Every structure is written in structure tokens, then in C-alpha cells.
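Structure first, commentary second.
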Amino acid sequence: MKFPNNIILASESLRRKNLLLQLGIKKFRISKHNIDENKFEFNFPLSNSLKKLAEMKAISVKKNLKNKQIVISGDTLVYRAGKIFHKTDSKSEVKNYLTLLSNRKHHVYGGICVISLNGKIFTKVVKTEVYFNKIEKKDLTKEVLEDGLGKAGGYAIQSYGARFIKKIRGCYTNIVGISIPELYKILKNLNLI
């Protein structure tokens with residue numbers, strides 16, 4: 001199966017870049033979106049908000065392109081008991097998040113947006129359930145706290161966060177950064193592969 005070589009990833013996330021490579025997309029460019037995520041207001045249902053945010057990111061990149069390109073964007077959100085666990089910006093926030101998620105179930109929502117060559121927009125939200133084991137104080141090491149910086153929920157499942165996972169129900173790559181099976185499906189439905 002041949003992927004087009006005019007794909008733009010509207011994200012500087014190393015995790016999303018690696019997931020595109022894992023999907024088999026070898027040639028793509030990275031372009032940073034200009035959406036201030038901190039100013040974005042999430043409303044319920046969260047899935048609609050996530051679709052909108054992923055779409056805004058993709059459109060912000062698409063409108064700056066001169067040639068016809070396929071744009072892919074994504075966004076990840078962790079949610080539990082009425083609280084959104086945004087990307088962390090301090091070790092104390094990582095510690096707080098992991099303490100709140102300890103021994104409990106939470107949801108990871110992944111928003112995907114693909115804009116085709118002719119400007120057709122396709123969005124999807126994937127929801128994955130994640131169950132954590134009990135996290136003790138001694139588990140919250142310097143490495144764990146540093147690893148959680150800049151991550152939704154304060155952890156990375158593909159790194160130190162893996163040690164706390166009891167089980168997941170749903171798509172693993174959705175937790176990492178973008179659902180590979182759903183992205184593959186979208187690209188096929190848009191006849192891009």
C-alpha cells in the first residue's frame with residue numbers, strides 16, 4: 001500500500017511523528033499549528049470539543065500552504081470524574097494528576113482531523129479506557145515526574161507511565177498520541193491510499 005508523499009503533520013509531537021512512521025507513512029513534513037490550546041474552551045460533549053480543536057489545528061496549517069497537501073492533526077485529552085487533565089507544565093501538577101488517577105479508571109479521548117487535497121475535512125474522536133494500579137508516594141520518582149511534563153494526564157504510556165497501567169480497554173496508540181487504526185481507516189475512506 002502506497003501512501004501519498006504530500007502529507008503534512010500539524011503537530012510537533014515526537015509521539016505523533018513516530019506513530020505516522022509506524023503506520024507506514026515515510027514521507028511527510030511537520031508544520032506547527034498556531035492555535036493557542038490554553039485559550040481553547042472545552043465544552044460537553046467533550047468529543048465535539050476535541051473534534052473542533054483538531055480541526056482548528058489542521059485548518060490553521062492548511063491555509064498557509066501554497067500547494068495541495070493532505071493535513072493530519074490530532075489532540076489528546078485525559079478525563080476523569082468531571083475533571084480534564086490538560087497537558088502538565090510543572091512536576092507538582094504531574095504529581096497531583098498521578099495521585100488523582102491512582103487506583104482508578106480514566107478516559108483518554110483522541111481527536112483526529114484529516115483534510116484531503118480538495119479540502120474535504122474528516123474528523124473522528126476515539127475513546128480509550130485506562131485503569132491505573134495504586135501509585136504510592138515512592139513511585140513518584142524524579143524520572144516519572146519529569147517524564148510526565150507536557151503530557152495530558154501527566155504520564156506517557158509508552159514510557160515510565162507504563163508501570164502504572166493495570167489494563168486498557170480500547171486503542172493503545174490513541175493513548176500515545178493518535179489512533180493508528182482510525183487514521184488508517186480515514187485515509188482509506190478518503191481514497192488517499
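Computed from a predicted model, the values in this text were never measured in an experiment.
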Cationic N near anionic O, under 4.0 Å, Lys52 to Glu55 = no
If I take atom [atom1] from residue [X] and atom [atom2] from residue [Y], how far apart are they, to the nearest 0.5 angstrom?
{"X": "Leu145", "Y": "Lys142", "atom1": "CG", "atom2": "NZ", "value": "10.0 Å"}
{"X": "Asp75", "Y": "Ser11", "atom1": "CG", "atom2": "OG", "value": "9.0 Å"}
{"X": "Ser31", "Y": "Glu12", "atom1": "OG", "atom2": "CD", "value": "8.5 Å"}
{"X": "Thr128", "Y": "Asn174", "atom1": "OG1", "atom2": "CG", "value": "3.5 Å"}
{"X": "Leu101", "Y": "Ile135", "atom1": "CG", "atom2": "CD1", "value": "7.0 Å"}
{"X": "Leu46", "Y": "Leu53", "atom1": "CG", "atom2": "CG", "value": "11.5 Å"}

Please work out which of the three classes, parallel, tilted or perpendicular, describes the rings of Tyr109 and His107, given edges at 30° and 60°.
-> tilted
Parallel, tilted or perpendicular, as decided by the 30° and 60° cut-offs, for the rings of Phe164 and Phe132 | tilted
Under the side chain to side chain contact (heavy atoms under 4.5 Å, CB included) rule, what do Val114 and Leu183 come out as? Steps first, then yes or no, please.
-> CA-CA 8 Å; Val114 177; Leu183 179 57; 3.7 Å; yes
Shared hydrophobic cluster for [X] and [Y] (ILVMFWY, side-chain gaps under 4.5 Å):
{"X": "Leu77", "Y": "Val108", "value": "no"}
{"X": "Leu19", "Y": "Val61", "value": "no"}
{"X": "Tyr184", "Y": "Ile115", "value": "no"}
{"X": "Leu14", "Y": "Leu20", "value": "no"}
{"X": "Ile59", "Y": "Ile178", "value": "no"}

If you look at every heavy atom in [X] and [Y], which pair is closest and at what distance?
{"X": "Val125", "Y": "Ser47", "value": "CG2-O, 3.2 Å"}
{"X": "Tyr155", "Y": "Lys151", "value": "O-CB, 3.5 Å"}
{"X": "Ile168", "Y": "Ile165", "value": "CG2-CG2, 3.8 Å"}
{"X": "Lys124", "Y": "Ile186", "value": "CB-CD1, 4.0 Å"}
{"X": "Ile121", "Y": "Cys113", "value": "CG2-SG, 3.8 Å"}
{"X": "Ser90", "Y": "Leu149", "value": "C-CD2, 3.4 Å"}

Is any side-chain heavy atom of [Y] closer than 4.5 Å to one of [X]?
{"X": "Gln69", "Y": "Arg29", "answer": "yes"}
{"X": "Arg80", "Y": "Leu100", "answer": "no"}
{"X": "Leu23", "Y": "Leu187", "answer": "yes"}
{"X": "Leu140", "Y": "Thr99", "answer": "yes"}
{"X": "Ile25", "Y": "Leu9", "answer": "no"}
{"X": "Leu117", "Y": "Ile70", "answer": "yes"}
{"X": "Leu98", "Y": "Val144", "answer": "yes"}
{"X": "Ile72", "Y": "Ile7", "answer": "yes"}

Determine, step by step, whether Phe28 and Leu21 satisfy the side chain to side chain contact (heavy atoms under 4.5 Å, CB included) criterion, reporting the C-alpha distance in whole Å, the side-chain angles of both residues, the deciding distance to 0.1 Å, and the verdict.
-> CA-CA 9 Å; Phe28 60 92; Leu21 291 168; 3.9 Å; yes
N/O donor-acceptor pair under 3.5 Å between [X] side chain and [Y] backbone:
{"X": "Lys57", "Y": "Gly74", "value": "yes"}
{"X": "Thr88", "Y": "Gly148", "value": "yes"}
{"X": "Asn64", "Y": "Ser60", "value": "yes"}
{"X": "Asp139", "Y": "Glu136", "value": "yes"}
{"X": "Lys83", "Y": "Val78", "value": "no"}

Could you walk me through whether Val71 and Leu65 pass the side chain to side chain contact (heavy atoms under 4.5 Å, CB included) check?
-> CA-CA 10 Å; Val71 179; Leu65 300 172; 3.8 Å; yes
Are Thr76 and Arg16 linked by a side-chain donor-acceptor pair shorter than 3.5 Å?
-> yes
is_close_aromatic(His106, Tyr97), centroid dist under 6.0 Å = no
Flag yes if more than 12 heavy atoms outside Lys26 fall under 6.0 Å of its NZ atom; otherwise flag no.
-> yes
Near Lys166 NZ, under 6.0 Å, is it more than 12 heavy atoms from other residues, nucleotides or ligands?
-> no
Among Arg169, Lys167, Arg104, whose side-chain hydrogen bond (donor to acceptor under 3.5 Å, both in side chains) with Tyr131 holds?
-> Arg169
